[in-house]
Peer 1: 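Shown below is the structure under consideration.
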Number of protein chains: 2
Amino acid sequence: MTRTHRLFQLMQTLRSLPAPVTASALVNETGVSLRTIYRDIDALRGLGAVIDGEAGFGYTLIEDATLPPLAFADDELEALVLGLREVTVIGDPALAEAANSALAKLKARLPARQTHRLQHAVLDARRFGRPPEPGIDVRALRAATWDEATISFHYEDAKGAVSRRQVDPLSIVYMQNAHMLMAWCHLRSDFRAFRLDRMRDLGLTGAHFRPRRVPMLRDFMERLRAQAVERAKDRALQG
Amino acid sequence: MTRTHRLFQLMQTLRSLPAPVTASALVNETGVSLRTIYRDIDALRGLGAVIDGEAGFGYTLIEDATLPPLAFADDELEALVLGLREVTVIGDPALAEAANSALAKLKARLPARQTHRLQHAVLDARRFGRPPEPGIDVRALRAATWDEATISFHYEDAKGAVSRRQVDPLSIVYMQNAHMLMAWCHLRSDFRAFRLDRMRDLGLTGAHFRPRRVPMLRDFMERLRAQAVERAKDRALQG
DNA sequence: GGTGTTCCTGACAGAAACTGGCAGTACCCC
DNA sequence: GGGGTACTGCCAGTTTCTGTCAGGAACACC
């Protein structure tokens, strides 16, 4: 292994292992001496990486400057931050956590000039009130949707009547006041939208509809668009 | 310059110059011999870069395998996509454009496995209706806020009365039904929130309040938080 | 203060890698 | 064929790297 190879390997290790990473862990991984690891860390620093090293603690990769930075324009960055802030206020704690985590990863890959902009972004998202709490585990629903797995649940409609449904979940849509599951409903043999707060007892059926989610979703969206156009026409006739 | 340094430099050059890049151009850039450049290209290939080299033509970087791809977990990716989709429906066309552009840039830096997930994300954002149209150029407002430049505008309050304001803009906040400018108002010598749809005739005053935006915004947020706590206490006393 | 853990740096001799120059090969295009 | 360009092996001299050893510093904990 050439030294250059090893330096690349060290960067990978510092990126992927949880901090702090000790020099002796790097010795075990590379097979070189402790003194060489210290030299290598120095070389990586010379290449622009910002690596924090505290005696008795270990190394932390602060800035990965050996990489070309992500090149976002300022307004793209503001859009990213605002978007992730929107997700944190949307009312889904697991998604909020993912959004914060994504934001931290972006931060690690931005040039220093833009880190400030990310931390003190001009745009912010706020909500008063919350949409009603989902009656099911949304993370499980997301996974099932992505896996194109048919699900079952109990659904309470606007009048309070409860029915058992089997659906092919296509998309989860976030609107101002409700979070909706767009799906193909086996009971109605048609597309239906379900409010997440009215769903209970989510389960997997064991059946799959892969690989049809994307075209089905496209059909459903087409349907909704056509209905919106119809409704606009009806309004024009009456107006 | 160490060899490792030079290898990094060569990668930067291959990324940034239009293909094809000749070996002699690389000689000119690095000051080493042609023979050494051939060796370096070989070394970069050994590190995983896919570099096409045609006699009489030059080098083309096909795959930049020396870079780790952006490493987002699946739910982080869904959060990013949902967030950017939220921004596209928020009612600000310039921001929507920036969001789409940011999405394209993310896509270019994801591993192939995740590109599919980004294109056919499970989560989506929708709005019925729109918040009222801003009465000013929001892009100019964003720039002024970032620049910490005092602005002036006419403001129509809820009763229809119009006043001229000079403010230090601190943040633009997006809520369900209104977009607000959080600012320090010179007329009232106090923090105020202004609805963007009630603002007219945005202008720069030439004055700046840099570098005070971040601490002022912190104070304003603290104020709002304290007021919310007060309001909750009042409700508890009455309830 | 003492102990343990860990980062840090300089010096040295020997080992390893690198370099430029040279020679020869191959491919594409005019 | 000639020009432009990528490619590879060889060699002597140069440069860099390595492990060992020694010494120092910082932090946490008892």
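Letters A, B, ... mirror the listed sequences (proteins, then strands); counts begin at 1. All values below were derived from every heavy atom in this structure, side-chain atoms included, with hydrogens, water molecules and symmetry-related copies excluded.
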Peer 1: Measure CZ/A/F57 against C1'/D/dA25 and give the value in whole Å, please.
Peer 2: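 Those two atoms, CZ and C1', are 17 Å apart.
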Peer 1: Of the non-hydrogen atoms in B/L34 and B/S24, which two are nearest, and what is the gap between them?
Peer 2: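 Here B/L34 and B/S24 meet closest at CD1-N, 4.2 Å.
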Peer 1: Just how far, in rounded Å, is C1' of C/dC27 from CD of B/E54?
Peer 2: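 After rounding, the reported distance stands at 9 Å.
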Peer 1: Is there any protein nitrogen or oxygen under 3.5 Å from a nitrogen or oxygen in nucleotides 10-20 of chain C, and what are the pairs?
Peer 2:
unit_1, atom_1, unit_2, atom_2, d
C/dG10, N7, A/R35, NH2, 3.0
C/dG10, O6, A/R35, NE, 2.9
C/dA11, N6, A/R39, NH2, 3.4
C/dC18, OP1, B/R3, NH1, 3.0
C/dT19, OP1, B/R6, NH1, 2.9
C/dT19, OP1, B/R6, NH2, 2.8
C/dT19, OP2, B/R6, NH2, 3.3
C/dG20, OP1, B/S33, N, 3.4
C/dG20, OP2, B/S33, N, 3.1
C/dG20, OP2, B/S33, OG, 2.6
C/dG20, OP2, B/T36, OG1, 2.2
C/dG20, O6, B/R39, NH2, 2.6

Peer 1: Looking only at side-chain N and O atoms, does B/E29 offer a donor or acceptor that is under 3.5 Å from a partner on B/T13?
Peer 2: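 Yes.
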Peer 1: Does C/dC7 have OP1 or OP2 sitting under 4.0 Å from an N or O in the side chain of A/R45?
Peer 2: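 Checking A/R45 against C/dC7: no side-chain N or O falls below 4.0 Å of OP1 or OP2.
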Peer 1: Run the side chain to side chain contact (heavy atoms under 4.5 Å, CB included) test against A/I136 and tell me which residues pass, sequence neighbours left out.
Peer 2: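 By the side chain to side chain contact (heavy atoms under 4.5 Å, CB included) rule, A/I136 matches A/L141, A/M199, A/L202.
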Peer 1: Can you figure out which of C/dC8, D/dA6, C/dT6 approaches the side chain of A/Y59 most closely?
Peer 2: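 Ranking C/dC8, D/dA6, C/dT6 by closest atom to the A/Y59 side chain puts C/dC8 first.
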Peer 1: Please verify the inter-ring angle class for B/F220 with B/F191; under 30° counts as parallel, over 60° as perpendicular, anything in between as tilted.
Peer 2: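 The rings of B/F220 and B/F191 lie parallel, inter-plane angle below 30°.
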Peer 1: Between atom CG in A/L14 and atom P in C/dC7, what is the gap in whole Å?
Peer 2: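 Result: 11 Å.
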Peer 1: Need one value for B/Y38: base, sugar-phosphate or nothing, where a base atom within 4.0 Å counts as base even if backbone is also close, heavy atoms only.
Peer 2: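 The residue B/Y38 makes base contact.
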Peer 1: Whole-Å distance between C/dC7 P and A/D42 CG?
Peer 2: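 Value for this atom pair: 14 Å.
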Peer 1: How close or far is atom C1' of D/dA6 from atom CG of B/L44, stated in whole angstroms?
Peer 2: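 It is 15 Å, rounded to the nearest whole Å.
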Peer 1: Rounded off to whole Å, could you give me the CD1-to-C1' distance for the A/I41 and C/dT6 pair?
Peer 2: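 From A/I41 CD1 to C/dT6 C1': 13 Å.
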Peer 1: Under a 4.0 Å N-O cut-off, is there an ion pair linking B/D74 with A/R142?
Peer 2: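 Here B/D74 does not pair with A/R142 in a salt bridge, since their nearest N and O are not under 4.0 Å apart.
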Peer 1: Does any non-hydrogen side-chain atom of B/L103 lie less than 4.5 Å from one of B/L118?
Peer 2: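 B/L118 reaches B/L103 side chain to side chain.
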